[in-house]
2 protein chains.
Amino acid sequence: MDAKEILLSHLRETIDLTPEEESIVCDTYIEMHLKKKEVLLFAGEISNHMRFIAAGSLRAYHMDEEAKEHIVQFGIEGWWVNDLYSYLTETPAKQFVQAIEPSIVLQIHRDTLNQLYEKVPAIERFYRLKFEKAYVALQDRTINSMSKSAEERYLEFRSKYRSIEQRVPQYMIASYLGITPEFLSALRKKIK
Amino acid sequence: MDAKEILLSHLRETIDLTPEEESIVCDTYIEMHLKKKEVLLFAGEISNHMRFIAAGSLRAYHMDEEAKEHIVQFGIEGWWVNDLYSYLTETPAKQFVQAIEPSIVLQIHRDTLNQLYEKVPAIERFYRLKFEKAYVALQDRTINSMSKSAEERYLEFRSKYRSIEQRVPQYMIASYLGITPEFLSALRKKIK
DNA sequence: CCCATTTCTTAAGACACCTTAAGATTAAAA
DNA sequence: TTTTAATCTTAAGGTGTCTTAAGAAATGGG
């Protein structure tokens with residue numbers, strides 16, 4: 001199944017599209033092939049695209065003043081990944097978006113997407129729901145990190161994202177959980 | 001200035017409304033007068049209203065399994081406060097919304113708002129921008145709590161929300177920052 | 001104005017998590 | 001395969017933040 005088919009079947013889970021609409025959609029997204037570690041978006045740039053992962057895995061991470069990386073979001077095939085902050089407000093991104101594995105991403109420019117909204121109204125609804133879900137996921141994450149210990153967070157991560165845990169290096173999971181790789185290693189030993 | 005005037009001038013900062021539209025708006029929001037500590041939304045209920053603070057101050061907080069409260073958001077006059085998660089997805093709220101001081105809130109039911117979108121299209125734009133800003137604020141908060149010490153977080157809070165710091169009890173600020181009141185007290189002593 | 005309640009502070013000991021440094025594994029490149 | 005780089009683990013000692021308990025200060029109700 002090629003990348004655009006993957007996108008279409010992803011869209012079909014939420015909205016109905018006519019064959020004509022589907023072909024318009026296919027024509028407007030641009031397919032990008034990324035090498036491992038290739039960066040799609042740099043902090044400081046404005047994020048002008050919505051990005052769908054057709055294959056592979058990516059991460060969005062923030063770099064603090066001490067150059068330490070903090071992973072905000074993982075993404076695997078079938079997910080969207082972005083610095084939504086930057087995309088929505090057209091201000092410089094605070095996050096990098098980078099491929100973890102070799103990946104295929106379908107992306108669409110904000111201007112193109114706004115035009116697409118008029119041609120294919122269901123797409124607007126699709127993205128409105130996406131933005132809502134993104135908010136929900138972020139809120140869950142915020143509340144979670146406020147009220148749970150590292151061990152609880154790790155156990156939840158493992159049961160919720162088993163497929164991710166098996167594919168990304170452990171030090172990245174530690175970064176996502178907000179702990180050091182050494183401490184995660186100690187936790188794993190203790191749990192087992 | 002009465003509560004609805006405060007709402008109108010708040011709306012005027014972002015969108016243009018004709019006098020007729022303004023009077024429609026005034027007729028659709030319902031004014032509520034809250035006592036100190038009165039709860040507007042309970043966790044477990046579905047949040048069916050968007051809520052604008054015309055006077056006073058409120059907090060949205062999450063209660064964990066050990067019955068500890070974690071403040072997710074403060075709001076003062078001119079702000080909106082809600083469990084957006086619940087409002088947007090029509091699922092049970094994870095947060096309580098409660099008045100800190102005696103307050104006046106203007107609220108509108110989801111169904112009424114959806115009708116209002118059709119009568120006054122600028123309102124839809126207003127809320128779309130609100131939701132975006134809410135996301136941005138939440139993302140800032142998440143990144144912040146991931147990469148900064150409690151002391152840094154407190155100093156930032158103080159410079160960003162001086163007006164709030166002077167009005168709400170310190171133990172609530174501690175809760176917002178994710179630390180204990182005792183530790184905040186120690187921090188303050190150290191800083192001064 | 002006084003009593004009750006709420007809020008803030010102090011201090012000692014405990015624990016979660018970090019830092020550093022080094023070695024052990026595993027994966028990638030040559 | 002051999003070498004190099006990336007990733008994971010171990011361990012000792014340190015720091016940030018919490019817990020508990022108690023008292024002090026401020027605030028609000030009668």
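Just so it is clear: chains get the letters A, B, ... in the order the sequence lines come, proteins before strands, and each one is counted from 1.
Within a heavy-atom distance below 4.0 Å of DNA chain C, no residue of residues 159-170 of chain A is found. Near DNA chain D, defined here as any heavy-atom distance below 4.0 Å, the residues from residues 179-188 of chain A are A/Glu182, A/Ser185, listed numerically. Shown for residues 53-76 of chain B: no residue has heavy atoms falling under 4.0 angstrom of DNA chain C.
The backbone N or O of A/Thr18 sits less than 3.5 Å from a side-chain atom of A/Glu21, completing a donor-acceptor pair. Within the 3.5 Å criterion, the main-chain N or O of A/Ile108 finds no donor-acceptor partner in the side chain of A/Thr112. Panel note: side chain A/Thr89, backbone A/Tyr85; a donor-acceptor pair is recorded below 3.5 Å. Between the B/Ser103 side chain and the B/Ala99 main chain, no donor and acceptor come within less than 3.5 Å of each other.
Summary of the strand contacts: B/Tyr171 and B/Lys189 both lie near DNA chain C, and taking for each the nucleotide with the nearest heavy atom, the more 5' one is attributed to B/Tyr171. Comparing A/Lys37 and B/Ala150 along DNA chain D, the residue whose closest nucleotide (by nearest heavy atom) sits nearer the 5' end is A/Lys37.
Note: CD1 (A/Ile100) to P (C/dA27) measures 17 Å, nearest angstrom.
Ring pair B/Trp80/B/Tyr127 is perpendicular by interplanar angle, where above 60° counts as perpendicular and below 30° as parallel.
Between A/Lys36 and C/dA28 there is a side-chain polar atom (N or O) within less than 4.0 angstrom of OP1 or OP2.
Checked against salt bridge (charged side-chain N to carboxylate O under 4.0 Å, His left out), A/Lys94 has the following partners two or more places apart in sequence or in another chain: B/Asp140.
Taking both residues in full, the closest heavy atoms of A/Met172 and A/Ile100 are given as SD-CD1, 3.8 Å, listed atom of the first, atom of the second, then distance.
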Exercise answer: donor-acceptor pairs, residues 49-72 of chain B side-chain atoms, under 3.5 Å, sequence neighbours excluded:
{"from": "B/Arg51", "atom 1": "NE", "to": "B/Gln107", "atom 2": "OE1", "distance (Å)": "3.0"}
{"from": "B/Arg51", "atom 1": "NH1", "to": "B/Ser47", "atom 2": "OG", "distance (Å)": "3.3"}
{"from": "B/Arg51", "atom 1": "NH1", "to": "B/Asn82", "atom 2": "OD1", "distance (Å)": "3.1"}
{"from": "B/Ser57", "atom 1": "OG", "to": "B/Glu101", "atom 2": "OE1", "distance (Å)": "2.8"}
{"from": "B/Arg59", "atom 1": "NE", "to": "B/Gln98", "atom 2": "OE1", "distance (Å)": "2.9"}
{"from": "B/Arg59", "atom 1": "NH1", "to": "B/Glu69", "atom 2": "OE1", "distance (Å)": "3.0"}
{"from": "B/Arg59", "atom 1": "NH2", "to": "B/Glu69", "atom 2": "OE1", "distance (Å)": "3.2"}
{"from": "B/Arg59", "atom 1": "NH2", "to": "B/Gln98", "atom 2": "OE1", "distance (Å)": "2.7"}
{"from": "B/Asp64", "atom 1": "OD1", "to": "B/Glu66", "atom 2": "N", "distance (Å)": "2.8"}
{"from": "B/Asp64", "atom 1": "OD1", "to": "B/Ala67", "atom 2": "N", "distance (Å)": "3.2"}
{"from": "B/Asp64", "atom 1": "OD1", "to": "B/Lys68", "atom 2": "N", "distance (Å)": "2.9"}
{"from": "B/Asp64", "atom 1": "OD2", "to": "B/His70", "atom 2": "NE2", "distance (Å)": "2.9"}

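The residue B/Lys190 sits apart from the nucleic acid: no heavy atom pair falls under 4.0 Å.
By the 4.5 Å heavy-atom criterion applied to side chains, B/Ile123 and B/Leu113 are counted as neighbours.
The aromatic ring centres of B/Tyr176 and B/Phe74 sit less than 6.0 Å apart.
Geometrically, A/Arg188 does not engage A/Tyr154 in a cation-pi contact defined by less than 6.0 Å to the ring centre and at most 45° from the axis.
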> Going through the distances and angles, do A/Lys148 and A/Glu156 end up as a salt bridge (Lys or Arg N to Asp or Glu O under 4.0 Å)?
Replying inline: CA-CA 10 Å; A/Lys148 302 214 165 128; A/Glu156 266 190 48; 2.6 Å; yes
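A 4.0 Å heavy-atom criterion places the boundary nucleotides of DNA chain D facing chain B at D/dT17 to D/dA21, written 5' to 3'.
Just one of B/Tyr29, B/Phe126, B/Trp79 meets the ring-ring contact (aromatic ring centres under 6.0 Å, His included) condition when paired with B/His10; it is B/Phe126.
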